[in-house]
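Below is one structure, written out as C-alpha cells; the observations come after it.
Note on naming: letters A, B, ... go to the chains in the order of the sequence lines (proteins, then strands), and numbering restarts at 1 for each one. Values in this document were obtained by computation on a predicted structure and should not be read as measured data.
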There are 2 protein chains.
Amino acid sequence: MTSAESADFRRRQHAEPSPALAAAEGLLLGGSSSLAACCDDDASFFPSVEPSCTQDLSRVILHVDLDCFYAQVEELLDPKLKGQPLAVTQKYLCVTSNYEARALGVGKLMSIVEAKRKAPGLVLRCGEDLTRYREFSAKAEKVLRGFGTVERLGMDEFYVDCSRLVSNRTEGEAYFHGNVLEPGAELRADTAYRPQDLRGTKAGAEETTLVGEGASDVERRLAAGTAIAADARRVLRDAHGLRASCGIAVNKLLAKLIGGVHKPDDQTVLLPARSADFIARLPVRVIKGVGAKTESRLRAIGCETCLELRMRTEREIARAVGDSAEMAAFLHACAWGIDNSPVVPKGPPKVVSVEDSFKGIALEKGVPLPPAILGRLSSHLVTRVDSDSAEHKRRPRTLTLTVRTREERSKRRFSSPYPSQAGGCIAVEEAALDLLRKAVGRSAAEVTLINIAASNFERGAPLAASGFEPRRRRTAPPSPFKSARRDQEACKRPRAEIGVIDEEVLRAMPLEIQEEYSRAFTLPAAPKKPTSSARGRGKSATGTITSFFASK
Amino acid sequence: MTSAESADFRRRQHAEPSPALAAAEGLLLGGSSSLAACCDDDASFFPSVEPSCTQDLSRVILHVDLDCFYAQVEELLDPKLKGQPLAVTQKYLCVTSNYEARALGVGKLMSIVEAKRKAPGLVLRCGEDLTRYREFSAKAEKVLRGFGTVERLGMDEFYVDCSRLVSNRTEGEAYFHGNVLEPGAELRADTAYRPQDLRGTKAGAEETTLVGEGASDVERRLAAGTAIAADARRVLRDAHGLRASCGIAVNKLLAKLIGGVHKPDDQTVLLPARSADFIARLPVRVIKGVGAKTESRLRAIGCETCLELRMRTEREIARAVGDSAEMAAFLHACAWGIDNSPVVPKGPPKVVSVEDSFKGIALEKGVPLPPAILGRLSSHLVTRVDSDSAEHKRRPRTLTLTVRTREERSKRRFSSPYPSQAGGCIAVEEAALDLLRKAVGRSAAEVTLINIAASNFERGAPLAASGFEPRRRRTAPPSPFKSARRDQEACKRPRAEIGVIDEEVLRAMPLEIQEEYSRAFTLPAAPKKPTSSARGRGKSATGTITSFFASK
DNA sequence: TGGGGTCCT
DNA sequence: AGGACCC
DNA sequence: TGGGGTCCT
DNA sequence: AGGACCC
Ligand SMILES: Nc1ccn([C@H]2C[C@H](O)[C@@H](COP(=O)(O)OP(=O)(O)OP(=O)(O)O)O2)c(=O)n1
Ligand SMILES: Nc1ccn([C@H]2C[C@H](O)[C@@H](COP(=O)(O)OP(=O)(O)OP(=O)(O)O)O2)c(=O)n1
Ligand SMILES: Nc1ccn([C@H]2C[C@H](O)[C@@H](COP(=O)(O)OP(=O)(O)OP(=O)(O)O)O2)c(=O)n1
Ligand SMILES: Nc1ccn([C@H]2C[C@H](O)[C@@H](COP(=O)(O)OP(=O)(O)OP(=O)(O)O)O2)c(=O)n1
Ligand SMILES: [Mg+2]
Ligand SMILES: [Mg+2]
Ligand SMILES: [Mg+2]
Ligand SMILES: [Mg+2]
Ligand SMILES: [Mg+2]
Ligand SMILES: [Mg+2]
Ligand SMILES: [Mg+2]
Ligand SMILES: [Mg+2]
C-alpha cells in the first residue's frame, strides 16, 4: 500500500483499549487462540499467525452510506423521477443508478450505451454539477453529528462513534434493530470496477431480534448501537428524505463492511464473535487502503483473501508490499478484523477543485489556448472559494492545475501561489493559463481533462470579496501581457453548461439517446459525428470546445 | 525562487494597510513618484517601474538577532572562555566565532585549519550537540513574547511585531535609541558563504538622537520602537546574559536588513524616508527567499541589485524566475523595500531531526550496515521526541531518513510511518535501518551523512512513555528478523560522543589541533592518518565509524 | 564545509 | 521524494 | 470511463 | 510533482 490510506491506518494500531472498559471481563478479543482456531470449517487447520495487537471492544461505530446517492438526490429534487429507472450521468458514464434501474442490470460506473442496452426505458439525468449533492451531503452530516463524532468519507459515507451515547442509554436495549449477520451468510464482491463493494445475496428480512439472556456486555452495547442507527436513519429520512444503509460494529473496518451486506434502506450489525469468520473469506481488496497495487503485491505472495493474509507473518507482508513494519502490522490486524483507528472529524475540505473533461484538445505551440474552458472553470472555482472563504474565514495559498492527455495515462500537475489580490476569476484564470502553458509546453499533447484546485488554506484571512472586479494593475504602464484574453463577460457566466449535457458528448452518442436529450434541452443542430483524428485537430467539429481553435 | 520562501512571501502582498492608520495622512508610501525619483545621485535617471502595491506604514517591527549565538552560549556555560578568541566547531568547520576571534579574521563557516592559521591562539569548542543552544533560544523567545507577536527564524532570530505596544505608549518618545541609519552609509555584504549578510563599515556611535519637531507620526512610532528594542535587549541580557542586535523598521524585510548594520550588541532604526535609498544598492540576494538559483536567474536579465530589479516589470521578472505573477510582484515590491507580510508565530517545530556526518562509509550489499550510528541517532531522536511529546501532547506520524553520498551531491530521502508502538529507540532504529537499506540499495555508495527526522505530528496523542522498553513482539514465534542487532545497551548510551569531537575528524586535523583536543578529552591513541580511499573501505582506521565493518 | 530547520513542488 | 531556501 | 476528494512520497 | 487510494 506504500502507506496511502495510512493516515487512517496510523491511528488504527496501538490505541490501547480504553483502560476502564478493557479491564472488564470479556472485552479483549483477538490474539486469543479461540479466534485463531474457530474461523473456518472447510479448512481444518492452518498455521495462522496471531495478531500482534488486540481489538478494542469498548466502542460502538456506525458506518452510514447513503443509498444510490446522486440518484436519490435527483429524485428528491424532481419527484416525477421516482418509481422510474434512473441513472445519473457524467459525460459518457452512468455514475450511479437508482435501485429500480439496478434491478434491470444498470450498474454503477457503467457506460451510458451499455446501460441503455440493458434498460431501454432508463431515464438519464446529467450529474456533472455536484453542488446539490454537496448540499445534501452537508445536511446528512449535520444530522449525524447529533449521534456522535463524525468522520466523512467522500460525499455519502460517514463513520459515527456513538460509544458515549450508548453508555448514556442506561436502559439496556431488548432488541437488535435490523439485521444481525448470520453465520455462513453468503457474500459477493460487487463489480470489477468497485471490487471493494460487498453485497449480501439475500434480502434483509428481520425487523428485530431479541437480545439473548447470555448476551455479553459488548453485544448489549451493539444492540444499543442498532437502536441509535435506526434513530439516525429515521431522522435522515424525516428531515431530509434521505435513505441510508448502516453497519454497526466495534470498529470502522467492520462497520463499513457489514453495512454493505443489506442495502438499500437497511442496517446490519456484526457481533464480535462473528468478526473473524466474517472477514476471513473476503478478498484483501475490501480493506480500505488496499487498492490495485497492494492487491497485486499481496497476490504475488499468495494472499487473495484475508484468511490467506492471516497465515503470513508481518515480516513476510512487509517484504511483499515493500513497506514498513507498521503497514504490515496494519494489514495483518485487518485480516483478523482488528482496527483500533479512531473516528476523526476531518474539518473543512483541504482542497476545493473543479474540473472538466473532453475528447481531446490539441494544444500546440503558437495555437492560442482555449480561454473559455479556463474561464468557466476559474469562474466556478472562484465562486466556490468565495463561499468557502465566507464560511470558514480562510483563503487558499496554492492554485494547482492538473491535465490529463490522451497520450500519457498519468496526469501532470503544476501549481503556483493562489492569486491573493482582489483579482477575482480573471486573476485566477491568468494564473491557471500560466500553469497550463507550463503543463503543455513540454509536449504538445491532446488535453483530455483540466482540473484546477485551491488548497493549502490559511486561516483568518478571508479573501477581500473578490467577485468579478477587474484585477487591479500592479504596474503603471499598459500591460505588455498579450494572453488570449476575451472580455470579462466570460466570467459572468459561471457554470454555463452545468446541468446540461455537453454537446460534444451528446454527438458521440447513439441517435436515440441524442434524441432523448434533445427533447429535454434545446441544442444546436448536430453535424456528422466527427472522426476522432479530425476532431482532435480542431478542424472539423463546430462544438463548444474545438471552436476555440477555429476562432483564431 | 520557484516559490520557496513563499509561505512568507504569500503574506507579504495584498495585506492592505490597516484601515484606521492608513487613513491618517502621510502613512502611505511607495508608488509615489517621489520615491521613484529620489533614490540615487550617481545615476541621474532610470526608468523605474513603480511598485504595484503600497507599503503598510502602520506597523513597528523588530528583528532581533543574537550575537555570535553558539559562541555566546559557550561563553555563558563556561565563563573562563570569555575574553579569549573562541570558535565553535562542527567536524572540520568553525560554524561561528566570538567577536574577539572575528577581529583576528576568524569568520563564520570557516574551516578549522584556516581559522587556526589566522588565529593560532583560537580556542575551539565542539558544538555538534545543539541542546544547549536550543535551550537558550527558547529563553530568548519567551522574553520577546513579552513585547509582541514573535516569529522565529532559525535558532537565533526573531521578528517581533510590537505595533500594539507602541500604540499603548501614549507618552511619545523624545529620542531614537541606538543608531539611526544615516544617508549614504556604506554597507558591505559579508562573506561568499553568507552573501545575504550585511554589515556596516563604521562602528555604531550614537546613544540617542532627538526626535525632531517635524517628525512624522510613523517616525515617532519607530522612535517608540527603538525604546522597546532597548528594553527587550536589556531583559535578554539581565535575565539570561544574552546579547543581541536589533533592527527596527516598518516591515520584516527592512528590520532584518537594517539590524545587520550595527553589530554586536547594538541596534539600528530605518526611517521610511531612507528605505528606498537604503535597499537600492543592495544585491538582490539580501532578499529573504532569493538564494543562489534565483540570484543567477535574475543576473541573467541584468539584475544584480535591487535598483536594477526595480527597472524591470513584473512580467519580465516572472519570465526570468520562471514563476508566477505573485512571485514577481513580491520580488519587485521587495526591491522597493515594500513587504506587507505579517509576523506569524510558527508554533512548535514541524520536524525534529538528528544527524551525523562522516568522511564516508562504504555500504555494499552483504556488508552489515553500521548499527551504532543508527543506534545513537535513534536514541537521540527518541529522547527528543519524548520530551516534545510531553511538552506538546502530540506524536510524529512520519520517520524520514536522509543520506548524502560522496558520489552524488544531492541527498536521498525515504520515509515510513513513525513506529507508534512503545518500541522506543529499538523500533525507531529498526525502521530507520529499513529506510537505510532502501536508500543505499539502489547504489552501493559511500554514505557521508545520515539524518533521521520525526515529522507530521498528530495532536493529542502522546507516545506511551517509550523509554527504552524492549519492543513488544507482534508475532508469536521467535522473529525471523536477522538484522544487524546488538544488545540493548546501545540504546542506553544516548548521544555517547556528543560534545566530544569525533575521533575520525580529529585524526584528519593538523597535529597541533589534535594535541589541543587531546588535552581536553581522553581519546584512543591516534594511528597514522589514513588515506581517504583506505579509510572509506573500512580496512585501515580503527575509529568509531569504520570499526563496524571490521567487526563482521 | 555542521547540524539543524521552513515551505513548495 | 526532491528541491530551494533559511539560520 | 466523471467529478470530485484524502494522504504519502 | 507524482502516486496510491477513496467515494
Ligand atoms: N467512482 C465513484 C464512486 C462514487 N461516486 C459518487 C456517485 C455515488 O452516488 C456517490 C456515492 O458512492 P457509492 O459507492 O456509495 O454509490 P451509491 O451511493 O450511488 O450507491 P449505493 O446505494 O450502492 O451506496 O459517489 C462517483 O462519482 N465516482
Ligand atoms: N466562458 C465561456 C465562453 C464560452 N463557452 C462556450 C459556450 C458557447 O456555446 C461556446 C462558443 O463560444 P462563444 O464565445 O461563441 O459563445 P457565445 O456565442 O454563446 O457567447 P458570446 O456571444 O459572448 O461570444 O463556448 C463556455 O463554455 N464558457
Ligand atoms: N549556515 C549556518 C548558519 C548559522 N548557523 C548557526 C550558528 C550561529 O551561531 C547561529 C546563528 O546564525 P547567525 O548567522 O546569526 O550567526 P551568529 O549569531 O553566530 O553571528 P552574528 O553575530 O553575526 O549574528 O546559527 C549554522 O549552524 N549554520
Ligand atoms: N550505540 C553506539 C555504540 C558504539 N558506538 C561507538 C563508541 C565506541 O567507542 C565505538 C566502538 O564500538 P564498541 O561497541 O566497541 O564500543 P565500546 O567498546 O565502548 O562499548 P561495548 O563495550 O558496549 O561494546 O563505537 C557508538 O557511537 N554508539
Ligand atoms: Mg459510498
Ligand atoms: Mg452510497
Ligand atoms: Mg480496498
Ligand atoms: Mg542569525
Ligand atoms: Mg546571530
Ligand atoms: Mg536571500
Ligand atoms: Mg520533505
Ligand atoms: Mg498534491
Under a 3.5 Å distance rule, please check whether B/R285 uses its side chain to pair with a backbone N or O of B/I287 as donor and acceptor. no
For A/Q90 and A/G127, indicate whether the former's side chain and the latter's backbone hold a donor-acceptor pair under 3.5 Å. yes
Nearest of D/dG3, D/dC7, E/dT6 to any side-chain atom of B/R413? D/dG3
Heavy atoms only, 4.0 Å cut-off, all strands: where does [X] land among base, sugar-phosphate and nothing?
X: A/V88; value: nothing
X: A/T400; value: nothing
X: B/R384; value: sugar-phosphate

Only Watson-Crick and G-U wobble pairs with both distances less than 3.5 Å should count. Give DNA chain C in dot-bracket notation, marking inter-strand partners with |. ..|||||||
Nearest-nucleotide comparison on DNA chain E, the residue closer to the 5′ end among A/S111 and A/N451: A/S111
d(CD, A/E141; C1', F/dC7) in whole Å: 14 Å
Let me know the distance between CZ of B/F358 and C1' of C/dG2, rounded to the nearest Å. 12 Å
Is a donor-acceptor pair below 3.5 Å formed from side chain B/R134 to base C/dG3, judging by atom type as modelled? no
Please name the pair of heavy atoms, one in A/T294 and one in A/G289, separated by the smallest distance, quoted to 0.1 Å. OG1-O, 4.4 Å
